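Down below is the structure, laid out as structure tokens.
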Number of protein chains: 2
Amino acid sequence: MGFSETMKAISDPQRRQMLTLLKQERLSAGEIVQHFPSLSAATVSYHLSLLKKASLITESKYKNFIYYELNASVFEEIMLWCAQFTGGTDETQDQAD
Amino acid sequence: MGFSETMKAISDPQRRQMLTLLKQERLSAGEIVQHFPSLSAATVSYHLSLLKKASLITESKYKNFIYYELNASVFEEIMLWCAQFTGGTDETQDQAD
DNA sequence: TATCTATTTAGAATTTTTTCGAAATAGGAG
DNA sequence: CTCCTATTTCGAAAAAATTCTAAATAGATA
């Protein structure tokens, strides 16, 4: 939910790779697990839960699968935060952190 | 230097606050310490070293002070990474992670 | 109903990050 | 040269994040 949670979530390379996978298409938890041979299903599930808490992905259930999907809108917020440093935006704007 | 180091560096709220402070003006280590009453000078120094490693700040010495200054250009790279998810940029572009 | 498949949750172990106090470094001032 | 001020580095302790295996959940199928 909060900005800090989002930044923490995207700070991990494996979680960023999960986001990249989901950029192309929505995937079930099992399909995501297959992309990480070095991690157990439980660990991938843990990472997905962090991404979900940060609103970076959403889940929907179908049969006994859980599908994950990217929520692109959160990235706008991060870009806005960055923009305050590049001098590219109105500097009077409210900003998280 | 690497993208991962940068993302790790900005994932911490206290380090983000240091960047925000440096957005306005360059500050000495001691001046930055004063903004964080709950942290020791050693701890602030540790955080500054991470920001420096991530190229988010640069340092310059004057007398026995060390001044820190923001390096805004790194934020462009983060924004570019975010943009691939918002559909706002050329998707054929190479991207870290 | 019994069982199989997909996934998460729980609990514990490991690893990484953060933090501090004390000691080291470095340069300026007397 | 000696002391003082600013800051970092070191080593250890504490806190947080990551990971695993095993057990729990939930829905589908036989």
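Below, each value reflects all heavy atoms present in this structure, side chains not excepted, and no hydrogens, waters or symmetry copies. In this text, all values refer to a predicted model and were calculated from it rather than measured experimentally. Proteins get letters first, then strands, A, B, ... in listed order; numbering begins at 1 in each.
- One can place NZ of B:Lys53 at 10 Å from P of D:dT9, the figure rounded to the nearest angstrom.
- The residue among A:Asp12 and B:Ser45 whose nearest nucleotide of DNA chain D lies closer to the 5′ end is B:Ser45.
- Rounded to whole Å, atom C1' of C:dT5 lies 8 Å from atom CZ of A:Phe65.
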Passes salt bridge (charged side-chain N to carboxylate O under 4.0 Å, His left out), A:Glu59 versus A:Lys52? Steps please. CA-CA 8 Å; A:Glu59 72 175 24; A:Lys52 193 171 55 181; 2.9 Å; yes
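- A side-chain donor-acceptor contact under 3.5 Å links A:Arg16 and B:Ser4.
- Residue-level contact check: A:Tyr68 touches the backbone only, with heavy atoms under 4.0 Å from sugar-phosphate atoms and none from bases.
- Counting any heavy atom pair closer than 4.0 Å across all strands shown, A:Ile32 reaches no nucleic acid atom.
- Counting to the nearest Å, the P atom of D:dT7 and the CD1 atom of B:Ile57 are 13 Å from each other.
- Residues A:Leu39 and A:His47 form a side-chain contact, since some pair of their non-hydrogen atoms from C-beta on lies under 4.5 Å apart.
- No hydrogens or angles were tested; on distance alone, nothing pairs the side chain of A:Asn64 with the base of C:dT7 as donor and acceptor under 3.5 Å.
- Residue whose closest nucleotide on DNA chain D sits further toward the 5' end, between A:Ala42 and A:Lys8: A:Lys8.
- If you measure from atom CG of A:Leu50 to atom P of D:dT19, you get 10 Å, rounded to the nearest angstrom.
- Among the protein residues, B:Gln14 comes within range of the sugar-phosphate backbone only, with heavy atoms under 4.0 Å from sugar or phosphate atoms but none that close to a base.
- Distance from the side chain of A:Ile66 is smallest for C:dT7 among the nucleotides D:dT18, C:dT7, C:dT18.
- Between A:Met18 and A:Val44, some side-chain heavy-atom pair lies under the 4.5 Å cut-off.
- Among the nucleotides D:dT18, C:dT8, D:dA28, the one closest to the side chain of A:Arg15 is D:dT18.
- Heavy atoms of A:Ser38 sit under 4.0 angstrom from primed sugar atoms or phosphate atoms, though from no base atom.
- Heavy atoms of B:Leu48 sit nowhere under 4.0 angstrom from any nucleic acid atom.
- B:Leu22 has its side chain out of reach of B:Glu69: every pair of non-hydrogen atoms, C-beta onward, lies at least 4.5 Å apart.
- Contact check, B:His47 against C:dT17: no side-chain N or O comes under 4.0 Å of OP1 or OP2.
- At a threshold of 4.0 angstrom between heavy atoms, the contacts of A:Ser28 are confined to the sugar-phosphate backbone, with no base atom among them.
- The CD atom of B:Gln34 sits 9 Å away from the P atom of D:dA6 (whole-angstrom rounding).
- Interatomic distance, CD of B:Gln84 versus CZ of A:Phe75, reported as 7.5 Å (0.5 Å rounding).
- The side chain of A:Ser40 contributes no N or O atom lying less than 4.0 Å from OP1 or OP2 of D:dT19.
- In this entry the distance linking OH of B:Tyr67 with P of D:dT8 reads 13 Å, nearest Å.
- Atom CD of B:Glu59 is separated from atom C1' of D:dA6 by 13 Å (rounded to the nearest Å).
- Distance NZ (A:Lys63) to C1' (C:dT5): 12 Å, rounded to an integer number of Å.
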